[in-house]
Amino acid sequence: MRVLGIETSCDETGVAVYDTEQGLLAHTLYSQVDLHAQYGGVVPELASRDHVRKLIPLIKQVLAESETNKVDAVAYTAGPGLIGALLVGVSVGRSLAWTWQVPAIGVHHIEGHLLAPMLEEAAPNFPFLALLVSGGHTQLIEVAAWGKYKILGESLDDAAGEAFDKTAKLLGLGYPGGPALAELALRGNPNRFDFPRPMTQRPGLDFSFSGLKTHVLTTWNKQEQQDEQTRADIARAFEDAVIDTLVIKCRRAIKQTKLKTLVIAGGVAANKRLRSSFNEKLNINIYYPRPIFCTDNGAMIAYAGALRLLNNQSEALAFKAYARWSMFD
Ligand code: KG4
Ligand code: ZN
């Protein structure tokens, strides 16, 4: 069975075709990074308008590339995300499903991220522990089986990606900040500054990253020499603190749940130093999506939609989009 997947929850227009027998047949992504860069962050109205411009041509492109003239379902991100941006994908997805008389499947964006490693040849098996680290969420989730998700811990304030982005802004790096900060940190001295690992002294699996950016700001303001090396050293200390905190909490969650497999997904999972640090420090099987499927994309939505289709889950005629949407009971 073949599923068209559509992702428009934020600033990437992603489209893909997934076949339950042949795997991923085509995928494409248009990033709005250049559009939002001058504002230093995503402008919701501009994001929606750009999805309107790009979505239909991208759909035509992936259908042609995958030589698809008939799909068995249309899956789209129904939330959470920016409501105007979501509504573009939701209404186009539903209209196509209606026209083609196939099921329409609303996918939870976080479920898409969690299942993204399953698009890889070496895919994880259920059950697993998942660390979702994106721009909007930082969550530790126990995944017992498909559709059985239990939240074990989450950020009480900024998400990990958000902390990267805000810290990058403080350090005068461009938007999007996460990759720029990671790049700068590569040139940083790991021994010059030692930042706190927030909430690791207390029991539990929740996170808090907002204090780290304040730490960055006060450290920067205290420096007599505000040069490039100092900026890189601070970026490195910040990145080390975030990664170390995530490792400590995952180690704790593994101990608590006794799960043998860890999945790391979401935009921050693209971070190279995060991957090497986890691989080095945790003696457990770790699965990541390929870097382009860590950040928002249509392939993960097509895949999550295909699983829903196989499990006979589709939407009734009325359509819905949710700016906020809990995946847990
Ligand atoms: O999953 P995603 O595309 O969007 C959300 O659903 O939020 O994640 C985007 C986030 C941004 O905060 C971005 O700065 C961060 O992922 N990110 C990174 C890296 N690549 C993307 N953070 C650190 N290092 C990276 N290499
Ligand atoms: Zn995302």
Side-chain angles (χ1 to χ4, degrees), residues 5-14 29-33 36-37 40-42 44 47 76-82 85-86 89 107-117 130-139 141 154-155 157-171 173-186 188 207 209-210 212-213 216 235-236 238-246 263-278 288-301 303-304 322-325 327:
I6 297 171
E7 156 63 38
T8 65
S9 68
C10 190
D11 59 345
E12 327 268 0
T13 319
L29 186 80
Y30 178 81
S31 171
Q32 302 177 354
V33 158
H36 302 292
V42 179
Y76 47 82
T77 302
L82 301 172
L86 285 167
V107 170
H108 197 291
H109 183 75
I110 304 299
E111 183 178 60
H113 275 302
L114 284 189
L115 301 177
L131 171 67
L132 175 84
V133 272
S134 71
H137 297 81
T138 297
Q139 295 180 326
I141 301 165
E154 65 186 329
S155 180
D157 41 54
D158 292 351
E162 189 180 1
F164 265 89
D165 295 338
K166 288 180 174 171
T167 302
K169 209 169 188 176
L170 287 177
L171 290 174
L173 305 173
Y175 162 87
L181 192 142
E183 194 63 32
L184 182 65
L186 290 176
F207 305 88
F209 291 113
S210 74
L212 275 178
K213 63 175 188 287
V216 164
R236 175 65 188 245
F238 165 83
E239 191 182 58
D240 281 348
V242 173
I243 295 172
D244 227 30
T245 304
L246 294 172
V263 157
I264 310 184
V268 184
N271 186 289
K272 291 197 191 86
R273 293 202 47 255
L274 176 143
R275 289 178 182 226
S276 55
S277 195
F278 267 87
Y288 309 87
R290 74 192 81 164
I292 48 159
F293 293 162
C294 284
T295 44
D296 294 346
N297 65 86
M300 67 184 194
I301 302 305
Y303 180 75
Y322 315 88
R324 289 169 191 275
W325 188 13
M327 191 169 63

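What you see is a predicted model; the values in this text were computed from it and never measured. Nothing fancy with the numbering, it's 1 onward along the sequence. Atoms within a ligand are numbered from 1 in the order they appear, just like the ligands themselves.
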Those atoms of ligand 1 less than 4.0 Å from some heavy atom in [X]:
| X | value |
| --- | --- |
| D165 | 11 (C), 12 (O), 13 (C), 14 (O) |
| G161 | 12 (O) |
| T295 | 3 (O) |
| G136 | 7 (O) |

Side-chain contact, heavy-atom cut-off 4.5 Å: I243 with R273? yes

So, is [X] polar-close to ligand 1, with some N/O to N/O distance under 3.5 Å?
| X | answer |
| --- | --- |
| G135 | yes |
| G267 | yes |
| H113 | yes |
| G266 | no |
| G178 | yes |

Closest contact, heavy atoms only, [X] versus [Y]:
| X | Y | value |
| --- | --- | --- |
| A304 | V107 | CB-CG1, 3.7 Å |
| E239 | A185 | OE1-CB, 3.4 Å |
| L246 | F207 | CD2-CE2, 3.7 Å |
| P80 | W325 | CB-N, 4.0 Å |
| P117 | H113 | CD-O, 3.8 Å |
| Y175 | V33 | CE2-O, 3.8 Å |

To the nearest 10°, what's the angle at the Zn ion (ligand 2) between atoms NE2 (H109) and OD1 (D296)? 100°

The Zn ion (ligand 2) to H113: any N/O/S contact under 2.8 Å? yes

Of the side chain and backbone of D296, name the one, both, or neither that has a heavy atom under 4.0 Å from an atom of ligand 1. both

Report yes if the distance between the aromatic ring centroids of F164 and F238 is under 6.0 Å, otherwise no. yes

Please answer whether the main-chain N or O of A47 pairs with a side-chain N or O of Q32 as donor and acceptor at a distance below 3.5 Å. yes

Can a salt bridge be assigned to the pair D165 and K169 using a cut-off of 4.0 Å between side-chain N and carboxylate O? no

Could you identify the single nearest non-hydrogen protein atom to atom 24 (N) of ligand 1 and state the distance to 0.1 Å? N271 ND2, 3.0 Å

Of E183, M300, H109, the residue with the heavy atom nearest atom 6 (O) of ligand 1 is H109

With a 4.0 Å cut-off on heavy atoms, does P179 reach ligand 1? yes

